[in-house]
Each structure stands twice: as C-alpha cells, then as structure tokens.
Peer 1: 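Below you'll find the structure I mean.
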Amino acid sequence: MPKSIAYIRWNYPTELDYYNSSSNTLGADLRVPIINTLLRMGYGVNIHSKMTPRDETLIQTGIGEGFDYSRFKAVGYHPGEPVTDDMVIVEAAAPFTPASIKGVPYMKYVADALRGYRGTVIWYQHGGFDGRPSVMWESGAYNPNLSPSNIKNLFHDMGIRKEQVVIWTHVTDRRTFVQKWPIFKGMVIMATPIGFDPEIEPQMPYNASAKYDFIYIGVNKGNRQRKLMDFLYGLPFSVLVVGNKWTPGTVDNITFVGGVKGHGKIYDLYKQARFALIIGDDQFEETGNQTTRFTQSINAGCITFGDARFKGVERVVGRDMLVSSRMELLNKVANLRNPEVVLRAQQRNLPTWETVLARLLPELERVK
C-alpha cells in the first residue's frame with residue numbers, strides 16, 4: 001500500500017476551499033472529500049500543482065468556511081517540484097484551457113512535477129472527455145518553433161510511459177467509455193462508484209417542508225434543456241433549476257437562477273427541495289458517468305429520480321425511481337408512500353470515499 005500520494009490538478013488551480021472553490025472548473029466537491037479521507041486514513045498527501053493564495057492560506061492555518069479544515073495542515077505543498085511519492089493522482093479538469101497565473105501556465109507546474117516520474121500515475125477522469133492526458137506519454141523533444149507555453153513544449157521529454165498510467169473513472173460502461181475516448185484503448189481502467197465524505201456532506205433527513213418540490217442542478221449544455229423540459233415542464237410542481245447557461249427567470253412552473261459560485265453553496269441548495277432529478281447529456285448517459293449530483297442530492301435530503309436512459313443510475317436511485325416520461329414521474333410522486341424510508345434506502349446505496357479508496361488503492365498497487 002502507498003504511504004504517500006501526490007495530488008495534482010491538471011490545468012487549473014488546485015482549490016481546497018469546499019464552499020468557495022469554483023464550480024465552473026469542477027472538481028472541488030470531489031477533491032476536497034477525497035483528500036480529507038486520505039488524510040483521515042493515515043496517508044501522506046502532497047500537492048505538486050499550483051494552488052490559489054486563498055487555498056495556500058487554508059493549508060497553512062487549517063481554517064476555512066463550513067467545516068473543520070485542521071486536518072489539511074498536514075498537506076504538503078510542493079508546486080512544480082519533482083514527485084517522490086509512491087503514487088500520483090492527476091485530476092482532469094473541465095473544460096480544457098491552458099490557464100495561467102502571473103504569466104506561468106498551471107500546466108507548467110504539473111509537467112515539472114511529473115517529468116521523469118517512475119511510479120503509478122492515476123489519471124482521474126471525472127468530467128467531460130477533453131483533458132488531453134496523452135501529452136504525458138506522447139511527448140517529444142522541445143520544439144523551438146512553438147511557444148514555450150505550448151502544451152507540447154511544456155510536456156517535452158516527460159519520460160512517462162503509457163503502461164504506468166491507470167485511468168480512474170466513475171463510468172458504469174467502460175466499453176462505451178473507451179469507444180467515446182479511444183485514446184484509452186488497451187489501458188487499465190478502474191471504474192468505481194462515486195463516494196461521499198460524511199464529515200463534509202452528512203446525510204440529512206427528508207426535506208418534507210422544503211420551498212420547492214423539485215431541483216435540478218447542472219450546466220445547460222447539449223440537449224439537457226430539452227430533456228429537463230420534457231420531464232418537468234407544466235407539471236403541478238415548483239421546480240428550481242441552477243447552473244451556468246440557464247437564463248434567469250420563470251417559465252411556467254420552473255424558476256431558473258443561473259450559475260452559483262462555490263460547490264458548498266450548490267450543495268446547500270438541494271436542501272431547498274423535496275425531490276431531485278438526474279439527467280445528463282448523451283455522453284454522460286451513454287457511459288453512465290456518475291457525478292456528485294448523484295450523491296449530493298440524496299445526502300442533502302432529496303428523494304432522487306433518474307432518467308431511465310442514464311446507464312447505471314438505478315444503482316444509486318433504485319429501480320423503482322427510474323422514470324421515462326413526465327407522466328411516469330407525476331404518477332410516482334403521487335403514489336409515493338413513506339418518503340423517509342425511500343430516502344434512507346437511497347442513502348444506503350451510497351458508499352463513503354473511505355470504502356471506495358480502501359478497495360481502489362490495493363487494486364492500483366497490483367497493476368504497477
């Protein structure tokens with residue numbers, strides 16, 4: 001088993017402030033509970049990517065909003081320094097953008113930390129499919145005809161072999177996952193359920209007196225708007241929709257509020273509704289790619305329904321909570337008995353991060 005694990009964010013700042021970290025670039029609602037769990041399990045954790053000044057202060061003081069961060073004072077911080085840990089988790093970021101701080105690309109810190117590393121590299125793919133991880137194992141010599149900040153030059157002469165990289169994902173259909181992203185063909189793929197940390201997202205009781213009947217949180221992209229309206233438009237339910245690219249306003253029974261900054265603030269919004277609905281764009285549905293919307297809605301006290309087209313969603317919400325049309329959704333809500341019992345059953349379906357990691361890390365050791 002590894003004694004120390006390096007954690008690296010791919011192309012954005014590595015944020016650890018759960019309540020205030022950007023929800024646009026994704027990941028903090030996974031990163032913070034995973035690191036907190038690793039620390040609680042006794043692992044050393046070192047961050048070799050670049051953090052924001054706010055998050056640098058958080059690990060120095062152990063003080064942050066929302067819960068006790070004192071454990072995070074044990075996190076080592078070595079931006080751009082060569083990794084010497086037993087294992088590395090490289091977390092994909094979405095969307096892919098070569099962002100920078102004070103003119104230095106965030107990915108330069110990543111490349112400098114990984115160059116020449118010989119241990120297990122875990123590519124943690126939890127979002128969309130545009131992270132460009134192949135630069136780690138397909139890098140060539142430095143090209144003076146390209147900008148020094150070009151991704152190919154940042155990752156020149158890495159020495160990372162494709163065979164030492166393991167893909168960690170939350171999809172339920174690995175075959176379709178590889179078909180969608182053939183760059184991973186032939187690689188070791190570890191697919192686990194998404195977990196939760198009860199210290200950060202405790203399981204709450206049913207929101208019987210909530211302000212809204214339904215809530216949906218997610219970016220308006222792909223065909224999600226059509227799917228959302230097909231399910232919830234015109235029903236005798238009040239609906240709150242939160243996320244970027246939704247135009248604020250009210251359409252019939254649906255209130256759109258647009259984006260909300262901060263993962264923790266998003267999690268708290270679930271407490272304003274009795275029910276939640278899991279839908280996704282085609283890519284997520286076809287691969288069965290779980291997100292924190294699965295765990296957060298249920299843990300926050302929302303009985304959660306899932307689009308029956310979403311592969312694997314029944315493992316979380318239960319087969320009885322799958323819906324294919326608005327009338328089926330309407331009937332299932334109308335005939336719902338003992339909502340507290342339904343919610344507790346859904347909450348029991350959710351593994352903690354400790355359970356997930358206790359199974360995953362030994363498996364990763366065996367494929368080295």
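Computed from a predicted structure; not experimentally measured.
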Peer 1: With a 4.5 Å limit on heavy-atom distance, are the side chains of Met187 and Trp123 in contact?
Peer 2: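 Not touching, per the 4.5 Å side-chain cut-off.
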Peer 1: Ignoring hydrogens and angles, tell me if any N or O in the side chain of Glu15 forms a donor-acceptor pair with the backbone of Asn20 under 3.5 Å.
Peer 2: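 Not confirmed, Glu15 side chain does not pair with Asn20 backbone.
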Peer 1: In chain order, what residues pass the side-chain contact (heavy atoms from CB on, under 4.5 Å) check against Glu314, with sequence neighbours excluded?
Peer 2: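 side-chain contact (heavy atoms from CB on, under 4.5 Å) list for Glu314, sorted by chain: Arg319, Leu322.
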Peer 1: As an exercise, state the distance from CZ of Arg40 to CD of Glu354, rounded to the nearest 0.5 Å.
Peer 2: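 Rounded to the nearest 0.5 Å, the CZ-CD separation comes out at 5.5 Å.
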Peer 1: side-chain hydrogen bond (donor to acceptor under 3.5 Å, both in side chains), that's the test. Do Thr292 and Thr295 meet it? Break it down for me.
Peer 2: CA-CA 5 Å; Thr292 50; Thr295 57; 5.5 Å; no
Peer 1: What's the spacing between Ile303 CD1 and Leu277 CG if we round to 0.5 Å?
Peer 2: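 Between Ile303 CD1 and Leu277 CG, I get 13.5 Å after rounding to 0.5 Å.
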Peer 1: To the nearest 0.5 Å, what is the distance between CZ (Arg115) and OG (Ser139)?
Peer 2: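 That separation rounds to 7.5 Å.
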Peer 1: Under 3.5 Å, side chain of Glu91 to main-chain N/O of Arg9, donor-acceptor pair present?
Peer 2: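 Looks like no, no N/O pair under 3.5 Å.
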Peer 1: Between Tyr69 and Asp17, is there a side-chain heavy-atom distance shorter than 4.5 Å?
Peer 2: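 A side-chain contact under 4.5 Å exists here.
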Peer 1: So, does Asp281 use its side chain to make a donor-acceptor pair with the main chain of Phe284 at under 3.5 Å?
Peer 2: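 Yes, because the side chain of Asp281 sits within donor-acceptor range (under 3.5 Å) of the backbone of Phe284.
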Peer 1: Only pairs at least two apart or in different chains count here, so list each ring pair (Phe, Tyr, Trp, His ring centres under 6.0 Å) that has a residue in residues 217-246.
Peer 2: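 Sorted result for residues 217-246: Phe214-Phe237, Trp246-Phe256.
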Peer 1: Using modelled atom types only, decide if a donor and an acceptor are shared between the side chain of Tyr43 and the backbone of Ile35 within a distance under 3.5 Å.
Peer 2: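 No, because the side chain of Tyr43 does not come within donor-acceptor range (under 3.5 Å) of the backbone of Ile35.
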Peer 1: Applying the 4.5 Å side-chain criterion to the ILVMFWY set and letting contacts propagate, would Ile63 and Val75 be lumped into a single cluster?
Peer 2: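 In one cluster: no.
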Peer 1: Would Gln346 and Val316 satisfy side-chain contact (heavy atoms from CB on, under 4.5 Å), going step by step from the backbone distance to the final call?
Peer 2: CA-CA 6 Å; Gln346 291 188 329; Val316 178; over 6 Å; no
Peer 1: Begin from the C-alpha positions of Val166 and Glu363 and carry the test side-chain contact (heavy atoms from CB on, under 4.5 Å) through to its verdict.
Peer 2: CA-CA 11 Å; Val166 176; Glu363 289 295 317; over 6 Å; no
Peer 1: Take Lys332 and Glu328 through the salt bridge (charged side-chain N to carboxylate O under 4.0 Å, His left out) test and state the conclusion after the steps.
Peer 2: CA-CA 6 Å; Lys332 288 198 173 186; Glu328 186 176 15; 3.8 Å; yes
Peer 1: Just wondering, do Lys265 and Tyr18 contact through their side chains at under 4.5 Å, heavy atoms?
Peer 2: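 Counting from C-beta outward, Tyr18 and Lys265 never come under 4.5 Å.
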Peer 1: Mind checking whether Ile34 and Leu38 have side chains closer than 4.5 Å, heavy atoms only?
Peer 2: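 Side chain of Ile34 against side chain of Leu38, heavy atoms only: contact under 4.5 Å found.
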Peer 1: Quick check: does any side chain N or O of Arg31 sit under 3.5 Å from a backbone N or O of Leu16, one acting as donor and the other as acceptor?
Peer 2: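 Here the side-chain-to-backbone pair does not exist.
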Peer 1: Apply the test salt bridge (charged side-chain N to carboxylate O under 4.0 Å, His left out) to residues Lys162 and Glu138: give CA-CA distance (whole Å), side-chain angles for both, the deciding distance (0.1 Å), then the verdict.
Peer 2: CA-CA 8 Å; Lys162 189 175 182 179; Glu138 293 178 350; 6.0 Å; no
Peer 1: Please verify the inter-ring angle class for Trp10 with Phe155; under 30° counts as parallel, over 60° as perpendicular, anything in between as tilted.
Peer 2: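 It falls in the tilted class, 30° to 60°.
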Peer 1: With the 4.5 Å side-chain cut-off for hydrophobic clustering, are Leu330 and Leu232 part of the same group?
Peer 2: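 Yes, one cluster joins them.
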Peer 1: Among Lys227, Lys311, Arg309, which residue satisfies the side chain to side chain donor-acceptor pair (under 3.5 Å) criterion with Glu285?
Peer 2: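 With Glu285 as partner, side chain to side chain donor-acceptor pair (under 3.5 Å) holds for just one option, Lys227.
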Peer 1: How long is the span from the CD atom in Gln60 to the OH atom in Tyr77, to the nearest 0.5 Å?
Peer 2: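 Taking CD in Gln60 and OH in Tyr77, the distance rounds to 9.5 Å.
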Peer 1: Is there side-chain contact between Glu286 and Asp173, with heavy atoms separated by less than 4.5 Å?
Peer 2: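 The answer is no, as the side chains (C-beta and beyond) never meet within the 4.5 Å cut-off.
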Peer 1: Do the non-hydrogen side-chain atoms of Val171 and Thr176 ever get within less than 4.5 Å of each other?
Peer 2: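 No - every pair of side-chain heavy atoms lies 4.5 Å or more apart.
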Peer 1: Taking the side chain as everything from C-beta on, heavy atoms only, tell me whether Asp307 gets closer than 4.5 Å to Val313.
Peer 2: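 Answer no - side chains too far apart.
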Peer 1: Do any pairs count as a salt bridge (charged side-chain N to carboxylate O under 4.0 Å, His left out) and have a residue in residues 64-77, sequence neighbours left out, and if so which ones?
Peer 2: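 Applying salt bridge (charged side-chain N to carboxylate O under 4.0 Å, His left out) to every pair that reaches into residues 64-77, excluding sequence neighbours, yields Arg71-Glu199.
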Peer 1: Would you say the side-chain atoms of Gln164 pair up with the backbone N or O of Tyr117, donor to acceptor, closer than 3.5 Å?
Peer 2: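 It does hold such a pair.
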Peer 1: For the pair Tyr109 and His78, evaluate ring pair (Phe, Tyr, Trp, His ring centres under 6.0 Å) and give the outcome as yes or no after the intermediate values.
Peer 2: CA-CA 9 Å; Tyr109 293 96; His78 314 284; over 10 Å; no
Peer 1: For Pro351 versus Pro193, what's the shortest heavy-atom pair and its separation?
Peer 2: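 Looking at all heavy atoms of both residues, the shortest contact is CG-CB, 3.9 Å.
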Peer 1: With the side chain counted from C-beta on, respond yes when Asn143 and His156 share a heavy-atom pair under 4.5 Å apart, and no when they do not.
Peer 2: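 Not touching, per the 4.5 Å side-chain cut-off.
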Peer 1: More than 12 heavy atoms of other residues, nucleotides or ligands under 6.0 Å from CZ of Arg54: yes or no?
Peer 2: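 Enclosed: over 12 neighbouring heavy atoms sit under 6.0 Å from CZ of Arg54.
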Peer 1: Measure across Leu360 and Met190 and return the closest heavy-atom pair with its distance rounded to 0.1 Å.
Peer 2: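 Where Leu360 meets Met190 most closely, the heavy atoms are CD1-CB, 3.8 Å.
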Peer 1: Can you give me the closest heavy-atom contact between Asp197 and Trp353, atom names plus distance?
Peer 2: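 Result for this residue pair: N-CD1, 3.7 Å.
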Peer 1: Does the Asn335 side chain pair with the main chain of Asn331, one donor and one acceptor, at a distance under 3.5 Å?
Peer 2: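 Confirmed, Asn335 side chain pairs with Asn331 backbone.
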Peer 1: Donor-acceptor pair, distance only, cut-off 3.5 Å: does the side chain of Arg326 make one with the backbone of Asp230?
Peer 2: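 Between the backbone of Asp230 and the side chain of Arg326 there is a qualifying donor-acceptor contact (under 3.5 Å).
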Peer 1: Would you say Asn11's side chain and Met107's backbone share a donor-acceptor pair under 3.5 angstrom?
Peer 2: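 Not confirmed, Asn11 side chain does not pair with Met107 backbone.
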Peer 1: Please check if the side chain of His170 supplies one atom and the backbone of Asn289 the other of a donor-acceptor pair under 3.5 Å.
Peer 2: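 Flag not set: sc His170 to bb Asn289 has no pair under 3.5 Å.
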Peer 1: Kindly state whether the ring of Phe196 and the ring of Tyr267 have centres lying under 6.0 angstrom apart.
Peer 2: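 No, ring centres 6.0 Å or more apart.
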Peer 1: Please report the interatomic distance NZ(Lys221) to CG(Asn244), rounded to the nearest 0.5 Å.
Peer 2: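 So the gap between those two atoms works out to 11.0 Å.
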Peer 1: For Leu240 and Val257, work out which heavy atoms get closest and say how close.
Peer 2: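 That would be CD1-CG1, 3.7 Å.
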Peer 1: Please say yes or no: joined through hydrophobic side-chain contacts below 4.5 Å, possibly via intermediate residues, are Tyr142 and Ile151 part of one cluster?
Peer 2: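 No, separate clusters.
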Peer 1: Could you walk me through whether Val165 and Ile160 pass the side-chain contact (heavy atoms from CB on, under 4.5 Å) check?
Peer 2: CA-CA 8 Å; Val165 180; Ile160 298 289; 3.9 Å; yes
Peer 1: Which pair of non-hydrogen atoms, one from Leu357 and one from Pro362, has the smallest distance, and what is that distance?
Peer 2: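 That would be O-CD, 4.1 Å.
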Peer 1: Go through the steps for Leu336 and Phe275 under the test side-chain contact (heavy atoms from CB on, under 4.5 Å), then give the verdict.
Peer 2: CA-CA 11 Å; Leu336 188 65; Phe275 308 108; 3.6 Å; yes
Peer 1: Group every Ile, Leu, Val, Met, Phe, Trp and Tyr by side-chain heavy-atom contacts under 4.5 Å, then state whether Val341 and Leu350 land in the same group.
Peer 2: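 Result: no, two separate clusters.
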Peer 1: How close do Arg132 and Trp181 get, counting heavy atoms only, and between which atoms?
Peer 2: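 Minimum heavy-atom contact is N-CZ2, 4.3 Å.
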Peer 1: Can you measure from NE2 (His126) to CG (Asp29) and round to the nearest 0.5 angstrom?
Peer 2: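 These two atoms lie 8.0 Å from each other.
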Peer 1: Any link between Val104 and Ile47 through a network of hydrophobic side chains (Ile, Leu, Val, Met, Phe, Trp, Tyr) touching at under 4.5 Å?
Peer 2: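 Different clusters: Val104 never reaches Ile47 through Ile, Leu, Val, Met, Phe, Trp or Tyr contacts under 4.5 Å.
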Peer 1: Return yes when atom NZ of Lys271 has more than 12 non-hydrogen atoms of other residues, nucleotides or ligands closer than 6.0 Å, and no otherwise.
Peer 2: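 Check passes, neighbour count above 12.
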